Amino acid sequence: MFTGIIHAIGKINAIDEHGADSRFIFNTGSMDLSDLNVGDSIAVNGACLTLIDKDENSFAADISNETLKRTTFSKLEAGSSINLEKAMRLSDRLNGHMVSGHVDGIGKVSCLGDDGRSVCYTIVVPKALNRYLSKKGSVTVDGVSLTINAVEENTFRVNVIPHTLSKTIFSEYIAGRQVNIEVDMIARYLDRIIVK
């Protein structure tokens with residue numbers, strides 16, 4: 001489990017393709033890995049990955065064909081910047097919202113613009129996800145916990161404050177950028193209960 005509060009910006013050091021799946025090597029930037037062990041979970045751009053090897057400032061994770069198809073990893077390359085978050089401890093404060101690290105779909109930044117000192121992003125999502133989005137509800141974009149300002153058909157808008165812009169890869173986004181989307185976990189399970 002995660003909270004959607006990014007711990008560090010890292011980079012992809014290398015991608016080693018193995019047929020349908022790949023091994024990614026990630027540089028962790030300022031994130032300390034000393035408290036993590038092989039088998040632990042790390043969210044990379046919102047996708048929960050298993051640490052399979054590490055050194056002082058990098059780690060490796062195998063990414064399956066299923067994850068490559070359902071996330072933006074297949075669009076990334078060596079040198080791409082990434083959002084990183086360690087799995088939460090039960091004793092941690094829940095500053096964002098409950099995030100599973102299971103990406104629900106790929107969205108696309110359709111436009112962005114200044115709104116005071118923050119930046120407003122409009123993101124298009126697959127139509128199947130629209131039912132889980134609500135004004136003032138939570139959503140995760142590339143692992144970042146955000147509050148939805150507006151929902152229209154298969155788009156939603158979020159404002160990203162200067163602090164979040166400086167601590168995440170949002171500052172790199174341009175129109176057309178693909179992003180990993182995880183809808184609010186409670187909305188997803190409520191929908192399943194109500195539909196049955």
Side-chain angles (χ1 to χ4, degrees), residues 1-16 22-64 67-68 71-103 106-107 109 112 114 116-121 123 138-147 158-174 177-182 185:
M1 296 296 298
F2 304 92
T3 67
I5 304 299
I6 301 305
H7 294 159
I9 295 174
K11 286 197 179 294
I12 297 174
N13 276 351
I15 302 171
D16 205 4
S22 298
R23 176 166 292 181
F24 279 59
I25 311 297
F26 302 101
N27 180 287
T28 57
S30 63
M31 190 170 82
D32 179 18
L33 293 175
S34 63
D35 60 338
L36 295 181
N37 299 303
V38 170
D40 285 349
S41 296
I42 300 179
V44 179
N45 283 0
C48 179
L49 302 180
T50 301
L51 186 152
I52 60 163
D53 193 16
K54 72 166 189 169
D55 61 25
E56 188 175 339
N57 62 354
S58 68
F59 72 95
D62 286 331
I63 301 183
S64 70
T67 302
L68 288 169
T71 68
T72 60
F73 281 112
S74 63
K75 310 286 188 219
L76 301 179
E77 54 192 26
S80 295
S81 298
I82 49 167
N83 289 324
L84 295 168
E85 181 188 359
K86 296 179 189 178
M88 66 181 287
R89 297 183 178 97
L90 288 177
S91 60
D92 287 346
R93 286 191 177 97
L94 187 57
N95 287 317
H97 71 281
M98 297 292 282
V99 175
S100 67
H102 302 160
V103 174
I106 296 174
V109 177
L112 62 154
D114 293 338
R117 291 185 304 121
S118 65
V119 177
C120 181
Y121 295 84
I123 299 174
S138 296
V139 69
T140 308
V141 178
D142 273 348
V144 181
S145 172
L146 297 166
T147 301
V158 291
N159 274 56
V160 179
I161 63 172
H163 175 81
T164 305
L165 285 169
S166 70
K167 299 295 183 182
T168 70
I169 61 174
F170 262 94
S171 62
E172 298 182 2
Y173 291 177
I174 59 172
R177 168 79 177 235
Q178 291 188 324
V179 292
N180 292 326
I181 303 292
E182 181 182 334
M185 190 184 306

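Quantities reported herein were computed from a predicted structural model and do not represent experimental measurements.
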Quiz item: Who pairs with Asp16 by salt bridge (Lys or Arg N to Asp or Glu O under 4.0 Å), at least two apart in sequence or on another chain?
Solution: none
Quiz item: So which heavy atom on Ala61 is nearest to which on Phe26, and how close?
Solution: CB-CE1, 4.1 Å
Quiz prompt | Under 3.5 Å: donor-acceptor pair, side chain of Glu182, backbone of Val99 | solution = no
Quiz item: Should the pair Arg23-Asp53 be classified as a salt bridge under the 4.0 Å nitrogen-to-oxygen rule?
Solution: no
Quiz prompt | Sub-4.5 Å side-chain heavy-atom contact between Asn159 and Val119 | solution = no
Practice problem: Give the intermediate values and the outcome of side chain to side chain contact (heavy atoms under 4.5 Å, CB included) for residues Leu76 and Asn45. | Solution: CA-CA 11 Å; Leu76 301 179; Asn45 283 0; 3.9 Å; yes
Quiz item: Which atoms form the tightest heavy-atom contact between Phe2 and Ser41, and what is the distance?
Solution: CZ-CB, 4.1 Å
Practice problem: To the nearest 0.5 Å, tell me how far Leu68 CG sits from Phe24 CZ. | Solution: 6.0 Å
Quiz item: Aromatic rings Tyr173 and Phe170: how do their planes relate, parallel, tilted or perpendicular, breaks at 30° and 60°?
Solution: tilted
Quiz item: Mind checking what makes side chain to side chain donor-acceptor pair (under 3.5 Å) contact with Ser138, not counting sequence neighbours?
Solution: none
Quiz item: Are Ile42 and Lys54 close enough that some pair of their side-chain heavy atoms sits under 4.5 Å apart?
Solution: no
Practice problem: Output, in order, the C-alpha distance, side-chain angles, deciding distance and verdict of side chain to side chain contact (heavy atoms under 4.5 Å, CB included) for Tyr121 and Val179. | Solution: CA-CA 12 Å; Tyr121 295 84; Val179 292; over 6 Å; no
Quiz item: Do Lys167 and Ile6 come close enough that some side-chain heavy atom pair is under 4.5 Å?
Solution: no
Self-check item: Atom pair CE/CE of Met98 and Met88 - distance to nearest 0.5 Å
Solution: 5.5 Å
Self-check item: Gap between atom CD1 of Ile106 and atom OG of Ser74 - 0.5 Å precision
Solution: 6.0 Å
Self-check item: Sole residue of Ile82, Asn180, Ile63, Thr28 in side chain to side chain contact (heavy atoms under 4.5 Å, CB included) with Val44
Solution: Ile82
Exercise. Would you check if Val109 and Ile174 make a side-chain contact, meaning some heavy-atom pair closer than 4.5 Å?
Key: no
Quiz item: Are the side chain of Asp55 and the backbone of Asn57 linked by a donor-acceptor contact shorter than 3.5 Å?
Solution: yes
Quiz item: What distance separates Leu51 CG from Leu36 CG, expressed to the nearest 0.5 Å?
Solution: 6.5 Å
Quiz item: Do Met185 and His102 come close enough that some side-chain heavy atom pair is under 4.5 Å?
Solution: no
Quiz item: Hey, mind stepping through His97 and Thr140 against side chain to side chain contact (heavy atoms under 4.5 Å, CB included) and telling me if it holds?
Solution: CA-CA 9 Å; His97 71 281; Thr140 308; 3.3 Å; yes
Practice problem: Quick one: closest heavy-atom pair of Ile15 and Ile12, and the distance? | Solution: CG1-CG2, 3.8 Å
Quiz prompt | Flag side-chain contact, heavy atom, 4.5 Å: Ile9 against Glu172 | solution = no
Exercise. Give a yes or no on whether the backbone of Met31 and the side-chain of His7 come within a donor-acceptor separation of less than 3.5 Å.
Key: no
Practice problem: For Glu85, enumerate each residue passing the salt bridge (Lys or Arg N to Asp or Glu O under 4.0 Å) test, keeping only those at least two apart in sequence or located in another chain. | Solution: none
Quiz item: When Asp142 is tested against each of Thr71, Ile181, Asn83 for side chain to side chain contact (heavy atoms under 4.5 Å, CB included), which residue passes?
Solution: Asn83
Self-check item: Beyond-backbone contact of Thr72 with Val103, side-chain heavy atoms, under 4.5 angstrom
Solution: no
Exercise. Might you point out which heavy atoms bring Ser118 and Val160 nearest each other, and give the distance in Å?
Key: CB-O, 3.1 Å
